[in-house]
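Presented below is the structure to which this report refers.
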Amino acid sequence: MDGELVSWQRCAGCGAQAELPGDETAGVAVPCPDCAGAMAEEFSWESAA
């Protein structure tokens with residue numbers, strides 16, 4: 001079964017949260033949409049396709 005990697009991100013600055021595509025965000029500093037901080041991955045999982 002092929003799945004899609006999903007990443008749960010949280011901003012340390014303001015606490016904003018986002019569920020993002022893990023394949024696109026792995027190893028990349030994702031900017032927070034609400035402040036000037038950077039999002040950090042809290043955990044990831046593979047969703048069923």
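Since the structure is predicted, the reported quantities are computational estimates derived from the model, not experimental observations. Sequence positions, counted from 1, serve as the residue numbers for this chain.
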ILVMFWY network linking F43 to V6, side-chain heavy atoms under 4.5 angstrom: yes
Nearest heavy atoms of C11 and C14, plus distance in Å: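 Of all heavy-atom pairs spanning C11 and C14, the closest is SG-N, 3.5 Å.
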Minimum heavy-atom distance M39-Q17, with the two atoms named: CE-C, 4.2 Å
Pairwise distance CZ(R10) to SG(C32) - rounded to 0.5 angstrom: 11.5 Å
